[in-house]
2 protein chains.
Amino acid sequence: MKLTPEQLEAFDREGYLFLPNVFSSEEIGLLRDEARAIYATDREEVWRKSSGVARTAFAAHTYNEAFRRLGAHPRLVEPVTQLLDGPVYMHQFKINAKAAFDGEVWQWHQDFGTWHRDDEMPEPRAMNIALFLDEVTSVNGPLMFIPRSHKEGTQAAGHDLETTSYPLWTLDRATVTRLAEEGGIVAPTGPAGSILLFHSNLVHASPSNISPWDRTIVYLSLCHVDNHIRKFTRKDWIAHRDFTPIQPLPDDCLSELASKHAAE
Amino acid sequence: MKLTPEQLEAFDREGYLFLPNVFSSEEIGLLRDEARAIYATDREEVWRKSSGVARTAFAAHTYNEAFRRLGAHPRLVEPVTQLLDGPVYMHQFKINAKAAFDGEVWQWHQDFGTWHRDDEMPEPRAMNIALFLDEVTSVNGPLMFIPRSHKEGTQAAGHDLETTSYPLWTLDRATVTRLAEEGGIVAPTGPAGSILLFHSNLVHASPSNISPWDRTIVYLSLCHVDNHIRKFTRKDWIAHRDFTPIQPLPDDCLSELASKHAAE
């Protein structure tokens, strides 16, 4: 899967790219079942709200076969390799459940701000590629992007340890207001199986989910191998230490596993 | 301003009606200035979040000339008189500021549920008509409706005194889920000056506003005069006791005041 020159140009200009229906309903069905099973387990990599509802499962590619395959899936790894111009390793792997009724806000931030400050990642030669496991609509807490905000580099930020369950370096209101007046705000929506690629300096947030529908998204944070982190203070299942280049698996790696499960 | 047979039919079927651009930018500019002035005053009718940010100003039609005129504006009073089939009085009048960054959730509820339980309003012969003072978009906390949910009458509800600053009778999750599976969820958006009419049994909610843009909406809750409330326990500036039929003012009542202000 190669991005076209038009797609590369749009990514460079806007800071993100939305591609609907990249994974089949069979592939998504498998991943959704496995995510549910992971959320039901009691392990330190699964973070919960005080209510007990799962919020984020980290590093599932290290302990679950379906997500191991997803972490090396060519439809995710190849476009990012192309955009970052070289081999990539997995810096972070998250399954974020913005649960029906309960899903919480993520405040305005840049991912590279956190990776640089907390992990000493040298440059923004890393990025997210997100896969929708549920349909994302305007009412179930879609990601919100400020287009073109990645062009202004890494903004000053404050370490927010209170308003979200996950420590984030968040931007101040004056900065968000200024950037949004310039670039607007978009909230890409689409069916399960769609993917979103976004620059590590793109300013983004997501609102609460008060709808009765879950909104689960898997995030692969991929980093150029030369740009690996230098500081190892966060848990190694949050900021990984394995800088080996990812070798993409065959395109049918997930559908093959789904067929196996169906046959069992 | 008369609703057409098609509009009456759509309201009956879906439970709401959205009419874009009913008020001019001159009229809206006046109301927005006056709302800002009201929020800046220290009076008991203006409710605030713990941060001090204004959330709701009640009963502004009783102490502000622009909102007094809005409360008798023919573009609001006449369509509701038509839908409720008779003269109406003002049961409640609110300017709800879902402030940029700070705007809070309103949980799923039916307005008639609160009016009936708290104020002993006999029947759902009352409804809201809402006027957007700011543009409402998918990212600044739009109202969310479950279409056709008004057809199932008043649902059981629990009195929520905790999750919002304002006591509300809210629906349980199983009920919201069932109704949304049947009717879906819509979030009407449009420019400042648009109006939304909705049935007092229509199930609705609104999410937080994490965008840098305010989202202020004025709500007139109008009730058929025969259907006035019987219990007077809430403050009289929350649930009014004046059941006099509203006499609509001329159509230019607001633009005339705006011109006067501009000339000063």
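Order of the sequence lines sets the chain letters (A, B, ...), proteins ahead of strands, with each chain counted from 1. Below, each value reflects all heavy atoms present in this structure, side chains not excepted, and no hydrogens, waters or symmetry copies.
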Please confirm whether the backbone N or O of B/I210 pairs with a side-chain atom of A/W108, one donor and one acceptor, at under 3.5 Å?
yes
Listed by number, the residues in residues 189-207 of chain B that come under 4.5 Å of chain A (heavy atom to heavy atom) are B/A205, B/S206, B/P207
Would you please go through residues 13-33 of chain A and name the residues with a non-hydrogen atom below 4.5 Å from one of chain B, in numerical order?
none
With rounding to the nearest 0.5 angstrom, report the CG to CD1 distance, B/N140 to A/I185.
8.5 Å
How far does CH2 of A/W213 sit from CD of B/E181, to the nearest 0.5 angstrom?
6.5 Å
Do A/S138 and B/V139 come close enough that some side-chain heavy atom pair is under 4.5 Å?
no
